[in-house]
Amino acid sequence: MTRPVSIGLVRNIGIMAHIDAGKTTTTERILYYTGVLHRMGEVHEGTAFTDYMEQEKERGITITSAAVSCSWNGHTINIIDTPGHVDFTAEVQRSLRVLDGSIALFCAVAGVEPQSETVWHQANQYRVPRIAFVNKMDRVGANFPRVLEMMRARLGANPVAVQVPLGSEDTFRGVVDLIDRVAIIFDDENGEKFSLGPIPEEARQMADDARSLLVEAVAEQRDDLLERYLSGEEIQSDELRQAIRQATLNLTITPVFCGSSFKNKGVQQLLDGVVAYLPSPADVGTTNGHDVSDHDVIVQRKPLDTEPFSALAFKIITDPFVGRLTFIRIYSGSIKTGEQIFNVSNDKKERAGKILRMSANKREELEGAFAGDIVAIPSMRFTRTGDTLCDPKHPVLLESIQFSDPVINQAVEARTLADQDKLTESLHRLSEEDPTFRFHTDAESGQIIISGVGELHLEIIVDRLKREFNVPVKVGKPQVAYRETITSAARAEGKFIRSSVGKNQFGQVTIEVRPNDPGKGLEFTNELAPETLPELYVKSAEKGAIEALKVGPISGYPMIDIMAVLVDAAYNEDDATETAYAVASSIAAKDAARMANPVIMEPVFLVEVVTPEEYVGEVIADLSSRSGMVQGISQRDILQVVTALVPLSQLFGYVTQLRSLSQGRASYTMQFHGYEQAVRRS
């Protein structure tokens, strides 16, 4: 089994941006120019190659990240076209975890948009080198310098133009390559053909100024170049390229290209940039994992085919023809068809029956795969997103992928009883595919509650249930799970005296209920002297009191954070029974709870809102209007983080409101904090 191309000629890249910036169109053009496609598809016509789901074609958006492979100038490029909508950031997150580099796409008119910020910060988290492509230069309002300025201000980036546009809007006709100092003129309306020539006279001064900025920015990254630059020495094109590449890999600069994907202008040059400046798996270098028996011990894997096999499962999909497909990124070693591999994360063995190279929803069978490859393996039964796969003889545990928790819930139910089991099975398969989607059956209401990261996310889930799994469902809102508790201490006596079938039953106890510490639930304590009541009947009294306090006196909600104390009891050895003491204790506990000033409690969540500074005031005002108590404000990179405690009942629809007041630039997460007394709201 021989490797098709050297690992240094492999590029694993993603295309990331805000919705409607042109990611899918750019991918289509790349596939056309690299020979994968013979005809370019269009998003607006529903013919885009990577948008193959029905929901994607209808809405004109990308929902799942599609993996495609292509070749350019002897290099193999694995591309993942990621979604732009905020509800599907998990798709971007898991893609960035396994990619080596990325193309950040920006609209020349809108510049840095909200989702661009989110994915940029995710890429920072995973330290992914990026090049930028300013798309839609032919659109009215296109402004290349303004996009660079927005990248500096909003992203804290260091963008360096390696091209500048010749004209803009309807006069956009080409670009100036600042490294080689040539003009690239697109010869026809669709820009498929281009010619190289001297820089036009009217653009020469602009090009010289831009090149000076480029050389200065790059020279600052290397002392030897800076010295030569300051002494006025000319820096050659090849040296410049090498320095740009190194600075890009170090994440100190972001080379910026420009063009118009829809009109096929600038895409070939962007591909040259991918090859020139983005890293190969060899450049990324050693991957750190953990020893399976001792997680504090670091185990290193080099990106070599001779190393033991190690890979990360980063995505699972259900293919209508092949079934369950697991996408893996191989970090070291190689794998052949039919080989056994070990899933360290859940201690199971799997078999690679087939190895597939995926081009969106088309498949090519391979004999094997090597370090740096991204491939799919069908029919892996036990593997989940984030699991480590490795050589059984050399186990290693790679860092998994952390996903944010779901923030929005909905109740669903099958339309017919016959579909009930099918619904549960379908939800289970969807939760395997999507780690940000979860479901559970509410023990109190019996409803199936589905949870996701946004309303569109859940809308797509429900749509997929209907279309892919043929399970029509009814959707509604879940009820908030309220609780009850007491605010003062009270005691009451309970008696149970009965005679039946010649047998007397006697039980008499006094129970005092007291407020307990938050989070303690229901507890029982016996303060009687040992001789007052035998242990057998104390146990019966405990059982009766706890059962009685499970239902609150106000609205019947479960009670929490109460201490029930057995303070007195009468005992008749001849007539005492366990049932009598349990019933007597139940009566006493219920009566005491009624007298202890009971109140209704509601679930409160700790909400963390990450927002640009200009929206902090609106965010705090909105949280206050939702009965939220702001806990503090802190800084994270160039963003502000507002934390607050907010009742769950006030958080329905919050995701939509937050996007509205922050123009979509703020995001939030929430986690359960505890229960607090419910306030009557008008």
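All figures in this text were calculated on a predicted structure; none of them were measured in a lab.
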- prompt: Step by step, would you call Thr252 with Gln221 a side chain to side chain donor-acceptor pair (under 3.5 Å)?
  reply: CA-CA 8 Å; Thr252 50; Gln221 309 301 321; 3.0 Å; yes
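- Although no hydrogens or angles enter the test, the distance criterion places no donor-acceptor pair under 3.5 Å between the side chain of Arg357 and the main chain of Val375.
- With hydrogens and angles disregarded, no donor-acceptor distance shorter than 3.5 Å links the side chain of Thr383 to the backbone of Met380.
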message: Test side-chain contact (heavy atoms from CB on, under 4.5 Å) on Leu99 and Ile13; report intermediate values, then the result.
response: CA-CA 6 Å; Leu99 293 174; Ile13 66 164; 5.6 Å; no
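- The backbone N or O of Leu398 lies less than 3.5 Å from a partner atom in the side chain of Thr388, making a donor-acceptor pair.
- For the residue pair Ser310 / Ser332, a side-chain donor-acceptor distance below 3.5 Å is found, with atom types taken as modelled.
- Arg146 places a side-chain N or O within donor-acceptor distance of the main-chain N or O of Val109, the cut-off being under 3.5 Å.
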- prompt: Could you walk me through whether Arg127 and Asn250 pass the side chain to side chain donor-acceptor pair (under 3.5 Å) check?
  reply: CA-CA 9 Å; Arg127 294 194 58 77; Asn250 294 340; over 6 Å; no
- request: Kindly determine whether Leu105 and Met16 satisfy side-chain contact (heavy atoms from CB on, under 4.5 Å), including the steps that lead there.
  value: CA-CA 6 Å; Leu105 219 67; Met16 60 185 207; over 6 Å; no
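- Side-chain contact, Asn343 with Glu350: no donor N or O sits under 3.5 Å from an acceptor N or O.
- Ile335 contributes atom CD1, which lies 10.0 Å from atom CG of Asp391 (distance to the nearest 0.5 angstrom).
- Between Arg329 and Asp373, none of the side-chain N atoms (NZ, or NE/NH1/NH2) sits under 4.0 Å from a carboxylate O, so this pair counts as no salt bridge.
- With hydrogens and angles disregarded, no donor-acceptor distance shorter than 3.5 Å links the side chain of Gln163 to the backbone of Phe257.
- Look at Asp305 and Arg3 and you find a salt bridge, because one of the NZ, NE, NH1 or NH2 atoms lies within 4.0 Å of a carboxylate O, short of that distance.
- Under the 3.5 Å distance criterion, the side-chain polar atoms of Asp622 are left unmatched by any main-chain donor or acceptor of Val619.
- A tilted orientation is assigned to the rings of Trp120 and Phe106, their planes being inclined by 30° to 60°.
- For the atom pair CG of Asp463 and CG of Leu458, the computed distance is 12.5 Å after rounding to the nearest 0.5 Å.
- One N or O on the side chain of Arg11 and one on the backbone of Val275 form a donor-acceptor pair closer than 3.5 Å.
- For the residue pair Asp291/Ser293, the side-chain donor-acceptor check at 3.5 Å is satisfied.
- Using a cutoff of 4.0 Å between basic side-chain nitrogens and carboxylate oxygens, Glu149 and Arg152 are scored as salt-bridged.
- Tested against Arg665 for a salt bridge (charged side-chain N to carboxylate O under 4.0 Å, His left out), the candidates Glu618, Glu613, Glu117 yield a single pass: Glu117.
- Using modelled atom types, no side-chain atom of Arg438 and backbone atom of Ser451 make a donor-acceptor pair closer than 3.5 Å.
- With hydrogens and angles ignored, the 3.5 Å screen pairs a side-chain donor or acceptor of Ser102 with a backbone N or O of Gly14.
- Donor-acceptor pairing under 3.5 Å is lacking for the side chains of Glu608 and Thr643.
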